[in-house]
Amino acid sequence: MTPVRFGLNDKEYKYARQLAFQAAHGTWINPYGDEAPLIDRSAKLLSGGNADAAAERELLTTLLKLAAYSPEHEWEAPALTGKPTTFAIQTLEKITAFNA
């Protein structure tokens, strides 16, 4: 059996990490506004510098919320990941329910 991360299956976890990858490279997160810290946090996560599972879960949840419900990002996450907004919503609901 494949291990599950934060209640997500491999496909969902890979998607959430893909959002972090895109955020770290500034392709969909605003580097000049309130979202700027997400760039550094995403880069740190991907470099292995963040071994704290709670911090990873919080970051991925934040990115999923943006991908699922932010009007500024409604087209960006699907364009970058190839997954529709409904997939972001489903993944967010799973990670939230698992950690409730």
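Because only heavy atoms are used, hydrogens play no part in the values below, and waters and symmetry mates are left out as well, while side chains stay in.
The NE2 atom of His25 lies 8.0 Å from the CG atom of Leu46; values are rounded to the nearest 0.5 Å. Rounding to the nearest 0.5 Å places CG of Asp52 at 11.0 Å from CG of Leu59. How far CD of Gln22 is from OG1 of Thr81: 8.0 Å, rounded to the nearest 0.5 Å. Note that the CG atom of Asp10 and the CZ atom of Arg5 stand 8.5 Å from one another [nearest 0.5 Å].
For Glu12 (side chain) and Asn9 (main-chain N/O), a donor-acceptor pair under 3.5 Å exists by modelled atom type. Side chain of Ser70 to backbone of Ala67: no donor-acceptor contact under 3.5 angstrom is found. At least one donor-acceptor pair under 3.5 Å links the side chain of Trp28 to the backbone N or O of Leu19. Listed for the Glu35 side chain is a donor-acceptor partner under 3.5 Å among the backbone atoms of Asn30.
Applying the salt bridge (charged side-chain N to carboxylate O under 4.0 Å, His left out) test to Arg57 and every residue at least two apart in sequence or in another chain returns nothing.
Pairing each heavy atom of Leu63 with each of Ala20, the nearest pair is CD1-CA, 3.5 Å. Nearest heavy-atom pair, Arg41 versus Ala55, reported as atom, atom and distance to 0.1 Å: NH2-O, 4.2 Å. Looking at every heavy atom in both residues, Ala24 comes nearest to Ser42 through N-CB, 3.7 Å. The shortest heavy-atom contact between Phe98 and Phe6 is CD2-C, 3.2 Å. Heavy atoms only, all atoms of each residue included: Ile29 and His73 are closest at CA-CE1, 4.4 Å.
The aromatic rings of Tyr15 and Phe87 sit perpendicular, their planes meeting at an angle over 60°, well past the 30° parallel limit.
Looking only at side-chain heavy atoms (C-beta outward), Thr27 and Glu76 stay at 4.5 Å or farther from each other.
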Residues Thr86, Gln90; criterion side chain to side chain donor-acceptor pair (under 3.5 Å); working and verdict:
CA-CA 6 Å; Thr86 53; Gln90 169 194 331; over 6 Å; no

Residue pair Tyr69, Ile89: steps toward the side-chain contact (heavy atoms from CB on, under 4.5 Å) verdict:
CA-CA 8 Å; Tyr69 297 115; Ile89 293 168; 3.4 Å; yes

Decide yes or no on side-chain contact (heavy atoms from CB on, under 4.5 Å) for Glu72 and Leu66, but give the supporting numbers first.
CA-CA 8 Å; Glu72 293 106 18; Leu66 288 174; 5.9 Å; no

Verdict with supporting geometry, Leu60 and Leu8, side-chain contact (heavy atoms from CB on, under 4.5 Å):
CA-CA 11 Å; Leu60 296 180; Leu8 305 178; 5.5 Å; no

Test side-chain contact (heavy atoms from CB on, under 4.5 Å) on Leu64 and Thr96; report intermediate values, then the result.
CA-CA 10 Å; Leu64 286 165; Thr96 302; over 6 Å; no

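In the hydrophobic clustering of ILVMFWY residues, with side-chain heavy atoms under 4.5 Å counting as a link, Trp75 and Leu92 come out apart.
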